[in-house]
Enquirer: 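Take this structure first; my questions come after.
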Amino acid sequence: VLGRIVEQVSGESLATYTDRHIRPALDWSDSGYLAAAGSGGASRSDLASRIAPSRTEQDLAKETDPDRPASRVHDPLARHAGGAAGHAGLFGTADDLAQFARAILAGGGGLLSRTSVDLLFTLQTPPGTPPRGPGWRLEPPLASNRAALPAVGTISHLGYTGTGLWIDRSRGAYVIVLSNRTALRD
């Protein structure tokens, strides 16, 4: 839904909006929608070697179009939307994702206002449902006793293919996991 709102308000596709506004604000050199197809600063082959692949070597061996990017969005709705959606299709590197996490920890870092960042960490779901903020899961701080702590202070987002981002504002820390758990199964 958020991706469609961005498109309606801006008059730009989500991929174009990301390239023109979000990438410069975060000083991203590699990340974006359809990044493996070249929508960023790095060449396709350079970027493809540094992001988690979304297809197996067997898939690539069967490929009839050698110029088709090795990474494609898995989510069928995002694929139907051309590979760029508010919930899927963003490819990138750990360096760029770290830029995003540091911006959030710094109170927005030129991307969001402090009020918007505070909202990310604010409970938006009713009692009895998993704690969530806008677009993020709310979790306990990244501490050894986190199972005993309330879901306050940390936001997380997990992707279908095995990616994950945790931003712990109380500790000023973040964890990035970029992987592809589907490569051996899909």
Side-chain angles (χ1 to χ4, degrees), residues 1-6 14 17-18 21-23 25-28 30-33 35 50-54 71-79 81 83-186:
V1 174
L2 180 58
R4 298 299 283 169
I5 292 171
V6 168
L14 184 58
Y17 184 87
T18 300
H21 303 282
I22 296 173
R23 290 182 74 239
L26 293 170
D27 195 27
W28 278 357
D30 298 323
S31 299
Y33 287 98
R50 293 182 289 116
I51 62 175
S54 63
S71 293
R72 64 173 173 80
V73 63
H74 269 86
D75 184 274
L77 296 175
R79 250 186 280 161
H87 68 285
L90 187 68
F91 285 90
T93 60
D95 287 340
D96 282 357
L97 202 49
Q99 289 284 89
F100 173 77
R102 286 191 293 269
I104 296 299
L105 290 172
L111 179 67
L112 297 172
S113 70
R114 182 165 293 282
T115 301
S116 294
V117 171
D118 289 344
L119 188 61
L120 298 178
F121 289 85
T122 303
L123 182 65
Q124 302 291 314
T125 51
T129 62
R132 295 191 66 86
W136 296 86
R137 286 177 33 182
L138 301 178
E139 298 198 28
L142 299 173
S144 60
N145 65 336
R146 70 187 307 242
L149 299 173
V152 176
T154 300
I155 55 175
S156 71
H157 178 78
L158 306 176
Y160 170 75
T161 61
T163 59
L165 172 62
W166 293 262
I167 302 173
D168 183 341
R169 191 158 67 166
S170 64
R171 293 171 92 59
Y174 57 89
V175 176
I176 298 166
V177 175
L178 298 177
S179 64
N180 185 1
R181 69 176 178 84
T182 64
L184 299 177
R185 296 186 315 168
D186 287 354

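None of the values given here were measured: they were computed from a predicted structure.
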Enquirer: For the CD atom of E139 and the CD1 atom of I155, what is their distance to the nearest 0.5 Å?
Expert: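 Here the interatomic distance stands at 10.0 Å.
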Enquirer: Between L120 and L112, is there a side-chain heavy-atom distance shorter than 4.5 Å?
Expert: yes
Enquirer: Go through the steps for L123 and L138 under the test side-chain contact (heavy atoms from CB on, under 4.5 Å), then give the verdict.
Expert: CA-CA 7 Å; L123 182 65; L138 301 178; 4.0 Å; yes
Enquirer: Please step through side-chain contact (heavy atoms from CB on, under 4.5 Å) for the pair L119 and T115, ending with a clear verdict.
Expert: CA-CA 6 Å; L119 188 61; T115 301; 5.9 Å; no
Enquirer: Minimum heavy-atom separation for G153 and F121, please, with both atom names.
Expert: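 Closest heavy-atom pair between G153 and F121: O-CE2, 3.5 Å.
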Enquirer: Check the angle between the aromatic planes of W136 and H157 and answer parallel, tilted or perpendicular using the 30° and 60° thresholds.
Expert: perpendicular
Enquirer: Set out, in order, the CA-CA distance, both residues' side-chain angles and the distance that settles side-chain contact (heavy atoms from CB on, under 4.5 Å) for R171 and L105, then state yes or no.
Expert: CA-CA 10 Å; R171 293 171 92 59; L105 290 172; over 6 Å; no
Enquirer: Mind checking what makes side chain to side chain donor-acceptor pair (under 3.5 Å) contact with D27, not counting sequence neighbours?
Expert: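 Once residues adjacent in sequence are excluded, D27 has no partner under the side chain to side chain donor-acceptor pair (under 3.5 Å) criterion.
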Enquirer: Quick one, D95 and D30 - any side-chain contact, counting heavy atoms below 4.5 Å?
Expert: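 No, side chains not in contact.
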Enquirer: Is atom CZ of R4 surrounded by more than 12 heavy atoms (other residues, nucleotides or ligands) closer than 6.0 Å?
Expert: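 Check fails, neighbour count at 12 or below.
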Enquirer: Please find the pair of heavy atoms, one from R132 and one from T125, that lie closest to each other, and give the distance.
Expert: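 Smallest heavy-atom distance, with atoms named: N-OG1, 3.3 Å.
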Enquirer: Please confirm whether the backbone N or O of P140 pairs with a side-chain atom of T154, one donor and one acceptor, at under 3.5 Å?
Expert: yes
Enquirer: Look at the side chain of D96 and the backbone N and O of W28, then say whether any donor-acceptor pair between them is shorter than 3.5 Å.
Expert: no
Enquirer: Is the shortest heavy-atom distance from the side chain of I176 to the side chain of F100 under 4.5 Å?
Expert: no
Enquirer: Examine distances only and state if a side-chain atom of Q124 and a backbone atom of P134 form a donor-acceptor pair shorter than 3.5 Å.
Expert: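 Checked: no pair found.
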Enquirer: Is a donor on one side and an acceptor on the other found under 3.5 Å between the side chain of R23 and the backbone of S31?
Expert: yes
Enquirer: First locate atom CG of L97, then atom CG of L165, and finally report the distance between them rounded to the nearest 0.5 Å.
Expert: 5.0 Å
